[in-house]
Amino acid sequence: MTHILDSYALDRWFTPEAGLVDIPSAIDGRVVARASTRGLDFAAMVRHAREVGGPALRRLTFHQRADMLKALGAHLTAHKDALYALAADTGATKRDNFFDIDGGIGTLYAYASRGRRELPGERFVVEGTPEALSKNGTFIGLHVLTPLHGVAVHVNAFNFPCWGMLEKLAPAILAGMPVITKPATATAYVAEAVVKLIVEANILPAGALQFVAGSAGDLLDHLTGQDVLSFTGSAATSQALRDHPAVSRNAVRFIAERDSLNAAVLGPDAVEGTPEFDLFIAEVVREMTVKAGQKCTAIRRIIVPKAQEGAVIAALSGRLAAIAVGDPRRDDVRMGPLASRSQRIATQEAVREIAVEAEIVFGDPDKVEPVGADAATGAFIAPVLLRCPEPLTAKAPHAVEAFGPVATVMGYEAISDALALVAKGEGSLVASVYTYDPAVAEELVFGIAAHHGRVVLIDRDCAKESTGHGSPLPGLVHGGPGRAGGGEEMGGLRGVFHYMQRTAIEGSPARLSALTRTWLSGAPAPVTPEHPFKRKFDALSVGDTVETASRTITLEDIEHFAHFTGDTFYAHMDEEAAKANPFFPGRVAHGYLILSFAAGLFVDPAPGPLLANYGLDSLRFLKPVSPGDAIRVRLTVKNKQPARKPEYGEVRWDAEVFNQDGDTVARYELLTMSSRI
């Protein structure tokens with residue numbers, strides 16, 4: 001029996017009985033699954049996310065949510081072979097699955113790691129430093145980020161049923177926002193298998209994830225200003241979603257990643273025979289054939305010096321001729337079919353549109369001989385390379401996206417022409433530049449940056465370890481302006497913050513310190529009878545302070561430090577030269593001497609719960625210290641965070657060094673680890 005896809009709603013699986021549509025295999029056209037959402041109560045799904053999933057996630061800290069993502073990654077990794085087998089019917093080869101399945105799982109791990117390393121063990125984020133709002137410092141303001149009290153609706157494309165879903169899911173869950181995910185129906189059977197593994201793992205709380213296999217019905221009708229709608233797909237669908245009455249009326253946050261005519265630009269120095277020329281050819285071929293060119297980041301426009309057009313076309317044609325197209329399950333096949341026969345028809349029509357202003361120089365969109373498969377029943381298409389003779393005046397090659405193994409060569413005379421050609425794409429996700437000339441690199445990169453979400457420089461120095469033109473990475477922005485949709489996904493914590501509200505909070509330093517569990521200047525800083533270094537992590541309170549005795553800095557101290565360390569910079573050793581420096585009144589103490597003496601003043605030397613000093617942040621030397629000046633230190637517990645291991649925690653201290661007049665001469669944050677046992 002043909003598999004009927006289930007949706008996951010209200011924490012149970014729903015099997016439709018009516019309105020089913022067939023989903024054919026890309027390999028041979030047989031029906032591999034059927035889908036429908038008739039009978040799903042989308043309003044109830046949205047309520048369930050808001051009333052059950054949201055509160056459950058918001059009760060957890062960022063670190064707890066990060067641990068869930070890590071556990072999900074491990075569970076999916078243990079079952080990825082089954083996903084590989086299932087994905088073959090989408091047209092995916094083993095190489096394609098590495099990008100989709102392994103890439104998706106890798107994104108879970110990446111956000112788990114960032115959540116642990118870069119976010120606090122709290123349910124909110126304090127963003128930036130406080131703003132002084134009053135003369136005497138009794139009224140201040142700061143920004144906090146908190147999870148939205150809504151649902152994240154993710155509408156995904158057919159080309160990456162695993163990665164496309166997980167790269168949206170990871171930052172949303174980490175932010176504390178429940179998700180309703182809807183994959184494209186054509187490959188929804190792979191997404192369903194991933195969600196079933198996630199549900200089986202029983203890691204996420206109830207209501208945190210729901211899944212729609214088929215039409216979205218009236219789902220968007222129920223969205224409000226607390227919700228987020230994130231979409232990947234065509235410009236036409238993106239516009240329809242953005243203009244949906246509920247989305248526009250309620251100012252629903254909308255993130256779009258859509259059509260993109262990405263470019264690869266060969267620098268004029270990268271002539272045939274140079275490493276950059278060879279790297280360019282290899283990357284274009286890879287981007288044309290991975291996922292059969294069905295990538296939003298694939299290279300569509302090949303922009304090269306006119307003098308190199310012939311060499312580029314010959315080299316690309318030779319490489320493309322060696323690409324075996326056929327059944328993706330075979331080891332000797334390099335490129336599988338498109339996701340469906342309807343996609344093949346759409347790609348063939350797009351090639352014909354482009355060919356009005358370009359000539360086909362390699363391949364035939366209507367002729368293919370797939371290895372181990374039948375061209376009549378599958379969605380196969382051969383790689384097609386075109387050449388546009390007048391790219392600066394042509395329109396179609398810059399406006400029509402053939403979403404398959406298709407790209408167009410365009411020649412330029414001057415770099416200014418190359419910049420103009422790139423800009424004619426009206427906004428793209430990514431462009432790549434191939435040159436070894438620093439001046440060319442600068443002119444190209446800064447000339448095209450405004451039109452792209454990402455620019456990749458590939459040359460002989462980085463090529464071996466480069467992730468390539470078409471690989472979006474969790475730590476970098478995925479999105480682009482204009483035609484690309486104007487949205488941003490991932491980009492490290494930027495992707496998490498899309499699902500959070502930035503709020504300015506104003507009040508007294510004491511009140512805001514208590515709210516944020518972070519000591520702020522001006523808040524109470526009680527000197528404790530017992531030195532804070534003698535207290536275990538859990539016994540420390542934010543605001544606990546030690547104030548030290550003073551120490552006078554002598555000329556002998558400065559000279560000893562200089563000779564001991566080798567730092568004999570003139571400002572410390574030459575009175576006349578130091579006075580000539582506008583920043584110094586004469587010979588002054590080394591900044592690091594001040595830090596060393598400060599540590600000597602506040603450190604408690606006996607063994608105790610303080611385990612290690614592992615860093616300094618935000619160090620500033622604010623006023624010079626001259627021989628005869630006396631320094632003292634105020635050390636205050638600024639913030640506490642649990643560590644990965646339960647035996648200890650991180651303590652962040654505010655360290656302020658004063659001179660005898662009470663002026664601040666240095667300020668920094670000291671990072672230590674303190675025992676909890």
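The residues of the chain are indexed from 1 along the displayed sequence.
Here the options are His498, Met500, Met177, the test is side-chain contact (heavy atoms from CB on, under 4.5 Å), and the partner is Val228; only Met177 passes.
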Tabulate below the donor-acceptor pairs under 3.5 Å that side-chain atoms of residues 615-626 make, not counting sequence neighbours, or state none.
from   : atom 1 : to     : atom 2 : distance (Å)
Asp617 : OD2    : Arg652 : NH1    : 2.8
Asp617 : OD2    : Arg652 : NH2    : 3.4
Lys623 : NZ     : Asp663 : OD2    : 2.7

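Using modelled atom types and a 3.5 Å distance limit, the side chains of Asp11 and His48 yield a donor-acceptor pair. Looking at Asn639 and Thr518, their side chains do bring a donor and an acceptor atom within 3.5 Å of each other. Between the side chains of His75 and Glu200, at least one donor N or O lies within less than 3.5 Å of an accepting N or O.
Every pair passing salt bridge (Lys or Arg N to Asp or Glu O under 4.0 Å) that includes a residue from residues 94-111 is listed here, sequence neighbours excluded: Lys80-Asp102, Lys94-Asp331. Counting only residues at least two apart or in different chains, side-chain hydrogen bond (donor to acceptor under 3.5 Å, both in side chains) contacts with residues 131-148 are absent. For residues 496-518, the set of pairs meeting the salt bridge (Lys or Arg N to Asp or Glu O under 4.0 Å) definition, not counting sequence neighbours, comprises Glu122-Arg517, Glu127-Arg502.
Residues passing the side chain to side chain donor-acceptor pair (under 3.5 Å) test with Asp538, sequence neighbours excluded: Arg676. A search for side chain to side chain donor-acceptor pair (under 3.5 Å) contacts involving Asn156 returns Lys168, Thr181, not counting sequence neighbours.
The distance between the ring centers of His590 and Tyr592 does not fall below 6.0 angstrom.
The closest donor-acceptor contact from the side chain of Thr297 to the backbone of Gly470 lies under 3.5 Å. No side-chain donor-acceptor contact under 3.5 Å links Ser466 to the backbone of Cys462. A donor-acceptor contact shorter than 3.5 Å links the side chain of Arg65 to the backbone of Leu60.
Proximity of Leu57 to Pro178: side-chain heavy atoms (C-beta onward) are separated by under 4.5 Å at one or more points.
By the 4.0 Å N-to-carboxylate-O rule, Glu656 lies close enough to Arg667 to be salt-bridged with it.
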